[in-house]
Enquirer: 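Provided herewith is a single structure, encoded as structure tokens, for subsequent inquiry.
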Amino acid sequence: RRCGSQASCLQRIALRCCDRPDSIVMSLFTFGGCMPGKEARAGESSPVAKKAGAVPVSLFQPTSRMSTMFFSANQADALTDMRAAVFDDDTMKARFSSALYTRFREALVTGAALSEDDQKAVANAIFKWAREQGAVSFAHWFFPIRGGGGAEGAMCGALKMDTMIDLDWSSSEGTKPFLEALPYERLFQGETDGSSFPNGGLRATHTAAAFTSWDRSSPVFVLDRVLRVPCAFVTHLGACIDDKTPLLRSNDAVNREGLRLLQNIGLASGVKTIHSYLGWEQEFFIIKAELYKQRPDLVNCGRTLIGKLPCRHQQGDLNYFAPPPQQVEDLMFRVKETMLRLGVPMAVLHNEVACGQHEMSPIYCHSSFSCDNNVLFMEVLEKEAEKLGLRALLHEKPFAGINGSGKHNNWSIGTDTGINFFYPGKTDPDREIFVTAIACLSYGLCQHNEVVRCCVAHAGNDHRLGAQEAPPAIISLYPGTGFEEHVDSIIAGGPLLGYKAIKSSANPNCSATMPAPCGVEDRNRTAPFPFCGNRFEFRAVGSSQNCSFPIAMCNTIMASGMAALSELIEGGMSRRDAVAKLYKDNRHVIFTGNGYSAEWPQEAAKRGLPNLHNTPLAIAEFNTPKAKALFTKMKVFSEEETDARADIMFESYVTTLSVEASTLIDMVETGILPACSEDMATYGEVLALAGERMEVYSGIKDAADKLKTLLASKPHEVRAEAKYYCDVIKPQMLVVRELVDKAEGLLEKGLYPYPSYETMLYSHHS
């Protein structure tokens, strides 16, 4: 309430805080009101500020929201409430009996179903906990195959909320009373309508049932009074129509083939299971919501289809790691607080290279949980941005001419005993596993190169890959220059051991500082798959994607490499020779040079590495006989599921480009051309001053008409249509754009019908 009594109350609280020695006054509250009897002027110090010794600010500066500017040493913060809303392992231990906890954990390893009694006990414990968190509903949360097509981040997930009630079945009444409850069978499994989700022909219109099953490796949590249960999503016949199911199957493949390999090399002692891990780095843009709503291209496509760069954008690298604008910092801190409470270890936030671009990332965790967390992050980011009058843009290329957004996936494989396959280690067994694991990875990346490229192929990512801001579309492995030399030594007959993972230091050479420890190998940001000390960073993943599909493919090709090595050893070859053979046969996938250079595509072609530089080319390789053999052998996809996913990816690409082309035409005809006409009219009979306006404005009309004609001639078979959109429609859209962007620089100020790049990228900085 904007009243004097509230202002006086806050003033007394502020004075009391200043008098306490254990409190630190960082600044003051800003409020939508003013002190009673006196109107505060901008820049004027309040009595409270003077007493606190604070920098002069207006105590009650008019604002649309209240932001906390006091910080007390005893005040609750994001770290005091973290993990409160997730039913994680610690909560499970506290809520389950010891025997139930043991059986639940064992079921995760064996895949066994829990007994009916155990399911009831689990459901009862979760229900009581969820009610304590304020939950009144529950929802099976699943992940249809619909990312990468310009969808907003939250659309990667899907849910239907059910109230936590059930009929009182003990009642003899015809109309039975209902009670608050969470029936155990509805926690572990569910049925829903699967008719309108992408399925690639895996179900017919008249067979609409789809089923959800709780992914027990990903804990339930409470958000907005809803208990969410992460789930796999399959058809009536068990065919996957989601992104989570192949990830879970690929984790099984890594576990199965990893245990087999460790047995074959004599290092399986005490190991019960092998996991894949993921730490993601989410990039995004933030603009004002009111400006977003005025851009039909952003609303319909997630990216701008027209727009001229401002004179200053990212040339001076001024935005990178600079302090975020206050509105954005408020947003990111709110998101961080929510995510920490949900059990997501959000650790980093900073400005990115492009103006208006930012990044947040967590500490790594189990891949299934981490992938879910990323979809949750995108949803929370969008919700919190909306509350602040902002809009988060998660498309890979919202603005042409400046950096796009990726989602680097830091991926690793490890055992339940603490062995990291991708860490050089300090003991000989650790080093042997490291050398062996990278041999398996080189096999997977080389032999199944196309599959890895496919998992990051979609319309949005085509604007990033190979654009000097992201890795090229050529998939190669960067293990480091020192390790590359060790690989050549092994191929030449040398021992597996011998790679010296010695860390150096970067010394500033001044007395006030200490030398900074360096990684074993330098980073290579031009590589799609570089080594980063204890993991590999898959840098080609797009910002709007669900991480599940890329990580599933990483797991799958890694499992295939471990299987290939096991087959050699089981066939009688020594471990050293088997590892050497994998390196020799797949040596050409290892590249430690500059992936941005003009020479690399030519060199890659000489090596026989595919360069699938656009989405239709890449998707065409996903369901080849070779790919199907991989997926069926690793039990990740059936042949039918492989064909279906390829069809879904083609359909997504076509739909995305179709919407973009139609939106561009609408924007030109209803906004740009009328503005051009009005601008020309201002010159009247003084056409000499109009310069090239007539030519440019007429060119826009001609180019847009040609685009409409080309759209009318598109083929109707999905693969041919995708190729047509890529090779014919996209180039013509660029012709239209170039003319419109030129016109933007000619139009009289105020006539351009949409918010400009400069307005969108900088307006929230104040």
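The basis for the numbers below is simple: all heavy atoms, side chains too, and nothing from hydrogens, waters or symmetry mates. Predicted, not measured: the structure shown is a model, and the values here were computed from it.
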Enquirer: Passes side chain to side chain contact (heavy atoms under 4.5 Å, CB included), Val229 versus Ile126? Steps please.
Expert: CA-CA 11 Å; Val229 185; Ile126 290 178; over 6 Å; no

Enquirer: Taking side-chain hydrogen bond (donor to acceptor under 3.5 Å, both in side chains) as the test, write out the residues that go with Ser250, two or more places apart.
Expert: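 Result, side-chain hydrogen bond (donor to acceptor under 3.5 Å, both in side chains) vs Ser250: Asn555.
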
Enquirer: Using a strict 4.0 Å threshold on nitrogen-to-oxygen distance, state whether Asp89 and Lys93 make a salt bridge.
Expert: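 So Asp89 pairs with Lys93 through a salt bridge.
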
Enquirer: Report the C-alpha separation of Gln327 and Leu388 in whole Å, then their side-chain angles, then the decisive distance to 0.1 Å, and conclude whether the side chain to side chain contact (heavy atoms under 4.5 Å, CB included) test is met.
Expert: CA-CA 8 Å; Gln327 282 187 296; Leu388 298 176; 5.8 Å; no

Enquirer: Quick one: closest heavy-atom pair of Trp280 and Pro362, and the distance?
Expert: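 In terms of heavy atoms, the two residues are closest at O-CD, 3.0 Å.
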
Enquirer: Identify the residue among Asn373, Asn251, Asp215 that makes a side-chain hydrogen bond (donor to acceptor under 3.5 Å, both in side chains) with Ser368.
Expert: Asp215

Enquirer: Apply side chain to side chain contact (heavy atoms under 4.5 Å, CB included) to Tyr277 and Ser370, showing your working.
Expert: CA-CA 8 Å; Tyr277 298 96; Ser370 187; over 6 Å; no

Enquirer: My understanding is that only residues two or more places apart in sequence, or in another chain, count here; which of them pass salt bridge (charged side-chain N to carboxylate O under 4.0 Å, His left out) with Glu290?
Expert: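 Counting only residues at least two positions away or on another chain, Glu290 forms no salt bridge (charged side-chain N to carboxylate O under 4.0 Å, His left out).
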
Enquirer: Indicate yes or no for a side-chain donor-acceptor contact from Thr163 to the backbone of Ile165 under 3.5 Å, with no hydrogens or angles considered.
Expert: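 No; judged by distance alone, with no hydrogens or angles, the pair does not exist.
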
Enquirer: Check each of Met760, His358, Met332 against Ile286 using the side-chain contact (heavy atoms from CB on, under 4.5 Å) test, and report the only one that passes.
Expert: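 Exactly one pass, corresponding to His358.
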
Enquirer: Name each donor-acceptor pair under 3.5 Å that joins a side chain in residues 218-225 to protein atoms two or more places apart or in another chain, with its distance.
Expert:
from, atom 1, to, atom 2, distance (Å)
Ser218, OG, Asp372, OD2, 2.6
Asp224, OD2, Lys383, NZ, 3.0
Arg225, NE, Gly134, O, 3.2

Enquirer: Under the side-chain hydrogen bond (donor to acceptor under 3.5 Å, both in side chains) test against Ser405, which residue among Gln357, Glu283, Lys397, Glu396 passes?
Expert: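 Only match with Ser405 under side-chain hydrogen bond (donor to acceptor under 3.5 Å, both in side chains): Gln357.
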
Enquirer: Using only atom types and a distance under 3.5 Å, with no angle test, would you say the side chain of Asn409 pairs donor to acceptor with the backbone of Trp411?
Expert: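 No, because the side chain of Asn409 does not come within donor-acceptor range (under 3.5 Å) of the backbone of Trp411.
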
Enquirer: Answer yes if the side chains of Thr273 and Asn255 hold a donor-acceptor pair under 3.5 Å, and no otherwise.
Expert: yes

Enquirer: Considering residues at least two apart in sequence or located in another chain, which fulfil the ring-ring contact (aromatic ring centres under 6.0 Å, His included) criterion with Phe369?
Expert: none

Enquirer: Is a donor on one side and an acceptor on the other found under 3.5 Å between the side chain of Ser652 and the backbone of Ile648?
Expert: no

Enquirer: Minimum heavy-atom separation for Leu305 to Cys301, with atom names?
Expert: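 Closest heavy-atom pair between Leu305 and Cys301: CD1-SG, 4.0 Å.
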
Enquirer: Count the heavy atoms of every other residue, nucleotide or ligand shown that sit under 6.0 Å from CE of Met161, and state whether that count exceeds 12.
Expert: no

Enquirer: Please confirm whether the backbone N or O of Leu114 pairs with a side-chain atom of Gln119, one donor and one acceptor, at under 3.5 Å?
Expert: yes

Enquirer: If you measure from CE on Met360 to NE2 on His350, what distance do you get to the nearest 0.5 Å?
Expert: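 These two atoms lie 10.5 Å from each other.
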
Enquirer: Say you draw a straight line from CG of Asn319 to CG of Asn351; how long is it, rounded to the nearest 0.5 Å?
Expert: 4.0 Å

Enquirer: At what distance, to the nearest 0.5 angstrom, does CG of Asp168 lie from CG of Leu179?
Expert: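 Result: 4.5 Å between the selected atoms.
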
Enquirer: Not counting sequence neighbours, list each pair that qualifies as a salt bridge (charged side-chain N to carboxylate O under 4.0 Å, His left out) and has a residue in residues 132-145.
Expert: Arg95-Glu132

Enquirer: What residues, two or more places apart in sequence or in another chain, satisfy side-chain hydrogen bond (donor to acceptor under 3.5 Å, both in side chains) together with Lys407?
Expert: Gln282, Asn374

Enquirer: Apply side-chain hydrogen bond (donor to acceptor under 3.5 Å, both in side chains) to Asp193 and list each qualifying residue two or more places apart in sequence or on a separate chain.
Expert: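 Counting only residues at least two positions away or on another chain, Asp193 forms a side-chain hydrogen bond (donor to acceptor under 3.5 Å, both in side chains) with Ser195.
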
Enquirer: Using the test side-chain contact (heavy atoms from CB on, under 4.5 Å), find all partners of Pro296 that sit at least two apart in sequence or belong to another chain.
Expert: Asn300, Thr663, Met667, Tyr754

Enquirer: Which pairs with one or both residues in residues 226-237 pass side chain to side chain donor-acceptor pair (under 3.5 Å), sequence neighbours excluded?
Expert: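 Counting only pairs at least two positions apart or across chains, the side chain to side chain donor-acceptor pair (under 3.5 Å) contacts touching residues 226-237 are Arg228-Glu379.
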
Enquirer: A cation-pi test, strictly: NZ or CZ of Arg105 under 6.0 Å from the centre of the six-membered ring of Phe96 and no more than 45 degrees from its axis. Yes or no?
Expert: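 Geometry flag: not set, cation outside 6.0 Å or 45°.
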
Enquirer: Can we say Arg83 and Asp90 salt-bridge, meaning some charged N sits less than 4.0 Å from an Asp/Glu carboxylate O?
Expert: yes

Enquirer: Tell me whether the count of non-hydrogen atoms from other residues, nucleotides or ligands lying under 6.0 Å of CD in Glu191 goes above 12.
Expert: yes

Enquirer: Tell me whether the count of non-hydrogen atoms from other residues, nucleotides or ligands lying under 6.0 Å of OH in Tyr184 goes above 12.
Expert: yes

Enquirer: For Met378 and Ser543, which heavy atoms make the closest approach, and how far apart are they?
Expert: SD-O, 3.8 Å

Enquirer: What's the verdict on side chain to side chain contact (heavy atoms under 4.5 Å, CB included) for Leu187 and Phe127, showing C-alpha distance, side-chain angles and the deciding distance?
Expert: CA-CA 10 Å; Leu187 171 66; Phe127 174 65; over 6 Å; no

Enquirer: Has Asn461 got a side-chain atom pairing as donor or acceptor with Val456's backbone, closer than 3.5 angstrom?
Expert: yes

Enquirer: What I want to find out is whether Arg334 reaches Glu337 closely enough, with some N-O distance under 4.0 Å, to be called a salt bridge.
Expert: no

Enquirer: Checking the side chain of Asp243 only, and the main-chain atoms of Ile145 only, is there a donor and an acceptor separated by less than 3.5 Å?
Expert: no

Enquirer: Output all residues satisfying side-chain contact (heavy atoms from CB on, under 4.5 Å) with Lys160, sequence neighbours left out; order by chain, then residue number.
Expert: Asp162, Thr192

Enquirer: Counting N and O atoms only, with roles assigned by atom type, does the side chain of Asp242 sit under 3.5 Å from a partner on the main chain of Ala232, one being a donor and the other an acceptor?
Expert: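 No: the side chain of Asp242 does not pair with the backbone of Ala232.
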
Enquirer: Got a sec, which residues hit side-chain contact (heavy atoms from CB on, under 4.5 Å) with Lys293, two or more places apart in sequence or on another chain?
Expert: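 Result, side-chain contact (heavy atoms from CB on, under 4.5 Å) vs Lys293: none returned.
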
Enquirer: Once you measure the plane-to-plane angle for Phe377 and Phe284, does it fall in the parallel (<30°), tilted (30-60°) or perpendicular (>60°) bin?
Expert: tilted

Enquirer: Could you measure the distance from the CE atom of Met164 to the CZ atom of Arg131? Nearest 0.5 Å is fine.
Expert: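 Spacing of CE (Met164) from CZ (Arg131) equals 7.5 Å.
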
Enquirer: Is the ring pair His463/His395 parallel, tilted or perpendicular, if the boundaries are 30 and 60 degrees?
Expert: tilted

Enquirer: Please give me the minimum heavy-atom distance between Glu382 and Leu394, naming the atom from each residue.
Expert: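 Shortest heavy-atom separation between Glu382 and Leu394 comes out as OE2-CD1, 3.3 Å.
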
Enquirer: Show the nearest heavy-atom pair for residues Met155 and Arg146, with the distance to one decimal.
Expert: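 What the structure gives for the nearest pair is O-NE, 2.7 Å.
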
Enquirer: Specify the closest pair of heavy atoms between Phe285 and Asn403, including all atoms of both residues, with the distance to one decimal.
Expert: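 Of all heavy-atom pairs spanning Phe285 and Asn403, the closest is CZ-O, 3.3 Å.
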
Enquirer: With Ser361, which residues qualify under side-chain hydrogen bond (donor to acceptor under 3.5 Å, both in side chains), at least two apart?
Expert: none

Enquirer: Verify the neighbour count for atom NZ of Lys176: are there more than 12 heavy atoms of other residues, nucleotides or ligands below 6.0 Å?
Expert: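 Counting other residues, nucleotides and ligands, NZ of Lys176 exceeds 12 neighbours.
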
Enquirer: Below 30° counts as parallel, above 60° as perpendicular, anything between as tilted: where do the rings of Phe399 and Tyr757 land?
Expert: perpendicular

